[in-house]
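Residue numbers start from 1 in every chain, and the chains themselves are labelled A, B, ... in the order their sequence lines are given, proteins ahead of strands. A quick note: this is a predicted structure, and the numbers were derived from the prediction, not measured.
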Amino acid sequence: MGDHYHGPATGVTRWLFTTNHKDIGTMYLWFSFAMFLLGGFFAMVIRAELFQPGMQLVEPAFFNQMTTLHGLIMVFGAIMPSFVGLANWLIPMMIGAPDMALPRMNNWSFWILPPAFLMLASTLFMEGGAPAFGWTFYAPLSTTYAPPSVTFFIFAIHILGVSSIMGSINIIATVMNMRAPGMTYMKMPLFVWTWLITAFLLVAVMPVLAGAVTMMLMDVHFGTSFFSAAGGGDPVLFQHIFWFFGHPEVYIIILPAFGVVSQIIPAFSRKPLFGYASMVYATASIAFLSFIVWAHHMYTVGMPVAGELFFMYATMLIAVPTGVKVFNWITTMWRGALSFETPMLFCIGFLVLFTLGGFTGLMLSIAPADFQYHDTYFVVAHFHYVMVAGAVFSMTAAVYYWLPKWCGRMYNESMGKAHFWISFIGFNITFFPQHFVGLAGMPRRIPDYALQFADFNMMSSIGAFIYGASQLLFLYNVVATIVAGERVSDEKVWDGAEGLEWTVPTPAPYHTFEEPPLVPKPAGTI
Amino acid sequence: MALLAPMATAQNQVNMSPGVTEIGADIFGLHMLIMWVCVVIGIAVFGVMFYSIYAHRKSKGHQASQFHESTKVEVAWTVVPFLILIAMAVPATSTLLEVYDNDEAELDILITGYQWKWKYEYLTDSGEPVSFFSNLATPQEEIYNTQTKGENYLLEVDEPLVIPVNTKVRFLITANDVIHSWWVPEIAVKRDAIPGFINEAWTRVHTEGLYRGQCTELCGAYHGFMPVEVHAVSRDEFDVWLAAKRGAAVVRSALATQTLSVDDLMAQGKGIYDRACLACHGAQGEGGVGNAIAGSQVVLGDLSGHFAAVAKGVSGTAMQAFGAQLDDVELAAVLTYQRNAFGNNTGDVVQPGDVTGMKNG
Ligand SMILES: [Cu+2]
C-alpha cells in the first residue's frame with residue numbers, strides 16, 4: 001500500500017463529499033431501503049382500505065394518490081437505487097478496479113436523489129393533493145385533469161432520470177475501462193454483465209421518459225396539445241412513448257436481479273454456473289426484445305390488428321430467453337452440493353415465484369386473452385410476482401450474501417430464515433388470491449369493490465400486513481449485524497463463493513485493488 | 001359486523017367466466033389451454049428443482065459435480081419452448097382476427113365515457129335518436145357503511161344498456177374527458193374509451209340475462225364507481241323497449257317547446273340537482289368540491305352567465321360542461337331550481353324554450 005492510502009473522512013462531510021464507491025453504495029442502499037419502507041407504508045394504507053368493501057379509512061381521491069406514490073416510489077425510489085447501490089459496492093470489487101471510473105459524478109448521481117423524492121413526497125401536502133393518475137400517468141388524466149402538483153412530479157422525474165443516466169454512464173465507463181488485466185468480457189461475473197446491459201438500456205430509455213414528461217409539461221403550462229385530441233394531439237401517443245420507456249424499464253429492474261441470482265445459486269450449489277455464455281446471450285436477447293414489445297401494455301387501445309399480432313408474437317418470444325435462464329439456474333443446482341442459508345433460500349423463492357410470474361406473463365402476452373386480463377388484479381398479481389418476488393427477493397438475497405463481506409460481521413441465520421419464511425408466506429397470501437379476483441373481474445386501482453371479491457381481498461390485506469411486518473425484522477437483523485454481529489474474518493465468507501470480491505480482506509477495506517489483481521481463472525470453471 | 005353479512009352469500013369465483021358469447025368461450029378456451037401448458041411446464045421444472053433440493057444436499061454428503069456446459073441441452077431448451085409458443089400462437093391469432101371482425105353489424109351503439117358515468121346512444125337510420133346516461137345506482141349510505149350493502153353493490157346502474165340477443169351489436173366507444181375503458185367480462189368486450197377517437201368492438205350475446213362490468217382504466221377519483229350493466233333481451237322485447245324509448249324521447253322534445261309550471265320545474269330540478277350536482281355542491285347548496293350555490297354571484301346574477309357555467313362548464317376545474325349531458329327541459333329545471341332553492345329566491349323561472357334560445361346563441 002502506498003502512502004496515499006487513507007481511510008474515510010469523519011463526520012457528515014464523509015458522506016456529503018465522498019467519492020468512494022463503497023460509501024456511495026452504502027448510501028444508495030440505505031436510501032432505497034428508506035424508500036422501500038415509505039412505499040410499503042403507502043401499500044399498507046391501500047390494503048387497509050381494501051380490507052373490507054365500502055369506504056373505510058380514506059377518500060377515493062386520496063386512495064389514488066396512494067396507489068400512484070406507491071408505484072412511483074417502489075420503482076424509482078426503492079428498486080432501481082437499490083441495484084445501483086449494489087453495483088457501486090460490487091462492480092469495482094468484481095472486476096478488480098480501485099473505484100468507479102467517474103467518482104465525482106457518482107457522488108452527484110446519488111445526492112440529487114433525496115431532494116427529488118422529498119419533492120415528490122411533499123406533493124402530498126400541496127393543494128389538490130399528490131399526483132393521483134397512477135404510476136403510468138396516462139394523459140389526459142395527468143395533463144388537463146391533473147392536480148397542480150403535477151409540475152413538481154415532472155421535475156422530480158427529470159431529476160431521477162438524470163441520476164439514473166449518470167449512474168449508468170458511470171457503470172458503462174467502469175466496466176469498459178477499469179477491468180483488471182486478464183478480466184476479459186467473457187470472464188466477467190454475471191452480475192457485471194447484467195448491469196452492463198442494464199446500463200445501456202437505461203441510457204437508451206431514460207431520455208424517452210424525460211421527453212414524455214416534458215411534453216406533459218408543455219401541455220400543462222405552455223398551451224401545446226401533444227396529448228389532447230381537441231388540439232390535434234393524441235392521448236394514445238402518450239402511452240406509446242411511456243411504454244417505449246416502460247417496458248425496457250421492467251427489464252432494467254429485473255436484469256440485475258438475474259445477475260444476483262446467477263452469483264448466489266452457484267455459491268450454495270458449490271458448482272459453477274451452468275451455461276455462462278448462454279446466460280450472457282439470453283440477457284442480451286431479452287434486452288433487445290424489450291424494445292419491441294411495448295404495446296403489449298396497450299392491447300385494448302384499439303391498435304390495428306397487424307400491430308396487435310406483431311406485439312403479441314414478439315412478446316411471446318421473450319419467454320424463450322427467460323426460460324433458458326430458469327433452466328440454467330436449475331441445472332446449476334442439479335447434482336451440486338446444496339445448502340440452504342438465507343441468501344440461497346431467497347434465491348430459491350425467487351426462482352419459484354419469478355417463474356410463476358413468468359407464466360402469468362406468458363398468459364398476458366396472448367392478446368385476445370389479455371382483453372379479459374387487462375387492467376384487472378390478474379395484472380397486479382403478475383407484476384408483483386416478477387417485481388417483488390423477482391427484484392425484491394433477489395435484492396434481499398444479495399444483502400444477506402454480501403453483508404458479511406461489507407461489514408465483517410455475520411447476520412443472525414435463524415432470524416434470516418424466519419425473515420424468508422414470513423416473507424414468502426406473507427407474499428403469497430397477499431398476491432396469490434389476486435389472480436382469482438382478477439379473473440373474476442375486479443379492476444385494478446379501485447378503492448372499493450363488489451361483494452363477491454370481499455373474502456379474497458381480506459386475505460390479501462392480511463398477507464400484506466404480514467409481508468410488511470417481515471421487513472421490519474429484516475431491518476432489525478441488518479442493524480443488529482452491523483452493530484453487534486459475530487465477527488468474520490475469512491476472505492471467503494462462504495465456502496462456495498467465487499470471484500474477486502472474495503479475495504480481498506473481510507470486512508472489505510475502504511480502498512481495494514489499488515494494485516490490479518491477478519485474474520486467476522476464467523469464470524465458469526473452478 | 002352486520003355489514004359483513006352479505007359476504008357470506010357472495011361466491012368466491014376463482015376463474016375467468018366463459019361468458020355468453022362465442023368469442024368469450026374462445027378466449028376462455030385459450031386461457032385454459034395456456035394455463036395448462038404452464039402448469040405442465042411448471043410441474044416438470046419445479047419437479048426437477050425440488051428433486052435436486054431433496055437429493056443433492058450437502059447435508060446428506062452429496063458431492064458437487066463440476067459440469068457446467070452442454071450445447072445439446074441448451075439447444076433443446078431453446079427450440080422446444082419455441083415450438084410450444086408457435087403452437088399457442090395459432091389459436092391466439094385466429095381468435096384475435098375474430099375479435100377484430102367488426103363488419104356487418106346489425107345494431108350500432110355509441111358509448112361515451114364521462115367522469116364518472118356512461119352515455120349510450122343507439123345509432124339508427126330513422127326515427128327519434130335514443131340516448132341516455134347510465135349512472136351508479138348504489139346509494140352513498142351503502143358506500144359509507146351506514147346501510148347494509150345490496151347484492152349488486154357498486155355493479156348496479158340507474159338505467160342499463162339494453163341489447164338484443166343473437167344479434168351482432170357493434171359498439172363505437174369514445175370518451176368525453178379522460179380515458180376510460182368499457183368492460184363486461186361475460187360478453188368479453190373490453191375497449192378503451194379515448195377522448196377524440198372512436199374505437200370499435202362487437203358482441204353477439206346468445207343468452208338473455210343481466211351482465212355486469214366496470215370501467216377498467218383509471219379515470220380519476222370515482223373510477224371505481226362507474227359500473228356497466230347490460231341487459232340482453234329477446235329481439236321482440238328489444239324492439240318494444242326501443243319503441244318505448246323513442247316515444248318517450250318524442251314526448252320530451254315536445255316538452256321542450258312547452259311552458260312548464262314552476263312547481264314542475266322545481267320538482268324536476270331538485271331530482272337532477274340531487275343526482276348530478278349534489279356531490280360537489282352540497283345538499284344545501286353549501287359547496288364542497290364546487291363552490292357554494294347558495295348566495296353565489298353567478299347564480300344570483302345574469303341568467304346567461306349562470307347558463308354558461310352549467311352548459312359549458314368552467315374549464316380547468318371539476319365543473320364539467322352539462323350542455324350535452326342534460327336536455328333542454330332538464331337544463332331549464334336545474335337552472336330554475338338553483339335560482340330559487342337554498343334561499344336564492346330570485347323568483348326567476350327558466351323555461352325549456354329559453355334554454356333552446358340560449359343554446360342557439
Ligand atoms: Cu372511467
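Heavy-atom distances place the side chain of E74(B), and not its backbone, under 4.5 Å from chain A. Heavy-atom distances place no part of D26(B) under 4.5 Å from chain A, backbone and side chain included. For a residue to count as touching a neighbouring chain, one of its non-hydrogen atoms must lie under 4.5 Å from one of that chain's; by this rule I23(B) does not touch chain A. Of the two parts of I330(A), only the side chain, counted from C-beta on, holds a non-hydrogen atom closer than 4.5 Å to a non-hydrogen atom of chain B. Residue contact with chain A, scored on non-hydrogen atoms closer than 4.5 Å, involves the backbone and the side chain of S70(B) alike. For chain A, the nearby part of F46(B) is the side chain; its heavy atoms alone come within less than 4.5 Å. Both the backbone and the side chain of F327(A) come within less than 4.5 Å of a heavy atom of chain B. Within the 4.5 angstrom heavy-atom criterion, only side-chain atoms of F50(B), from C-beta onward, approach chain A. Residue contact with chain B, scored on non-hydrogen atoms closer than 4.5 Å, involves the backbone and the side chain of Y373(A) alike.
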Using the rule given for side chain to side chain contact (heavy atoms under 4.5 Å, CB included), can you reason through N15(B) versus F28(B), listing the C-alpha separation, both sets of side-chain angles and the distance that settles it, and then say yes or no? CA-CA 9 Å; N15(B) 200 357; F28(B) 177 74; 4.0 Å; yes

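Comparing A61(A), P235(A), S339(A) by how many heavy-atom pairs each has under 4.5 Å with chain B, the most go to P235(A). When the candidates S59(B), P227(B), G61(B), P185(B) are compared by the number of heavy-atom contacts under 4.5 Å with chain A, P185(B) comes out ahead.
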